[in-house]
Amino acid sequence: MKDPESTVLEGKSKSEVAQFKRKALRFYLSKDDKLYRQSETEDGPPRLYVSKDRRMYMLHSAHDHLGHKGVFATKELIGRRFWWPDLDG
């Protein structure tokens, strides 16, 4: 079996490998195998990664729970405890 790291990083420059490793260090698995992303701030809580198939459900549920206060409020609520690519963007 091929080493997963060598497959992911195959053909990448040293700077790309370094950038990948810096980003990877922000993530960890909990004891129950849930993926978390560390907070950008020192005192912020880690945020649980949400898989693609659950994101729309989370957005709709949070939006309804808030009383339809809009996109900003919904993303703010979700972003405190959860994370996925482009949620912050």
Side-chain angles (χ1 to χ4, degrees):
M1 186 166 124
K2 204 171 186 183
D3 178 14
E5 184 174 311
S6 67
T7 304
V8 171
L9 302 176
E10 195 171 283
K12 302 291 183 189
S13 68
K14 286 184 179 183
S15 64
E16 289 172 320
V17 170
Q19 182 182 16
F20 173 83
K21 288 182 177 183
R22 276 193 306 276
K23 287 182 179 183
L25 287 173
R26 296 179 189 160
F27 296 89
Y28 67 92
L29 285 174
S30 66
K31 290 179 182 178
D32 56 350
D33 288 333
K34 292 183 180 177
L35 182 64
Y36 284 86
R37 184 176 194 267
Q38 294 176 346
S39 176
E40 299 288 327
T41 62
E42 193 172 307
D43 59 341
R47 298 186 294 165
L48 178 65
Y49 171 79
V50 178
S51 62
K52 198 170 195 172
D53 64 319
R54 303 294 295 161
R55 295 173 192 169
M56 286 307 292
Y57 170 78
M58 300 265 313
L59 287 168
H60 286 289
S61 294
H63 181 69
D64 292 345
H65 176 76
L66 285 171
H68 305 280
K69 293 195 178 190
V71 174
F72 180 79
T74 302
K75 286 175 73 174
E76 179 69 26
L77 176 68
I78 290 173
R80 290 182 200 150
R81 295 183 54 200
F82 304 99
W83 182 86
W84 62 77
D86 299 326
L87 175 63
D88 300 330

Problem - Contacts of type side chain to side chain donor-acceptor pair (under 3.5 Å), residue R37, not counting sequence neighbours - result: E40
Completion exercise
dist T74:OG1 -> H60:NE2 (nearest 0.5 Å) comes out at 10.5 Å
Handout entry: Validation row: V50, Y57 side chains within 4.5 angstrom (heavy atoms)
Key = no
Fill in the blank from the handout: side chain to side chain donor-acceptor pair (under 3.5 Å) filter on E16, not counting sequence neighbours, yields S13
Problem - By ring pair (Phe, Tyr, Trp, His ring centres under 6.0 Å) - contacts of W83 (at least two apart) - result: F27
Completion exercise
Besides L66, the hydrophobic cluster formed by Ile, Leu, Val, Met, Phe, Trp and Tyr side chains linked at under 4.5 Å, directly or via other members, contains L77
Completion exercise
Shortest non-hydrogen pair, I78 vs L87, comes out as CG2-CD2, 4.0 Å
Exercise for the section: Just jot down the side chain to side chain donor-acceptor pair (under 3.5 Å) partners of S51, sequence neighbours excluded, or say none. Expected result: D53
Practice task
Look at atom CZ of R26 and say whether more than 12 heavy atoms of other residues, nucleotides or ligands are closer to it than 6.0 Å.
Solution key: yes
Handout entry: With sequence neighbours excluded, residues passing side-chain contact (heavy atoms from CB on, under 4.5 Å) with K14
Key = none
Fill in the blank from the handout: Sequence neighbours excluded, the answer for side chain to side chain donor-acceptor pair (under 3.5 Å) partners of Y49 is R55
Problem - Results of side-chain contact (heavy atoms from CB on, under 4.5 Å) for D32 - residues two or more places apart only - result: S30, K34
Handout entry: Sequence-distant partners of K69, salt bridge (Lys or Arg N to Asp or Glu O under 4.0 Å), two or more places apart
Key = none
Exercise for the section: Not counting sequence neighbours, which residues clear side-chain contact (heavy atoms from CB on, under 4.5 Å) with F72? List them please. Expected result: E76
Practice task
Verify the cluster assignment for M58 and V71: are they in a single hydrophobic cluster under the rule of side-chain heavy atoms below 4.5 Å apart?
Solution key: no
Practice task
Only counting residues at least two apart or in another chain, list the ones meeting ring pair (Phe, Tyr, Trp, His ring centres under 6.0 Å) with Y36.
Solution key: Y28
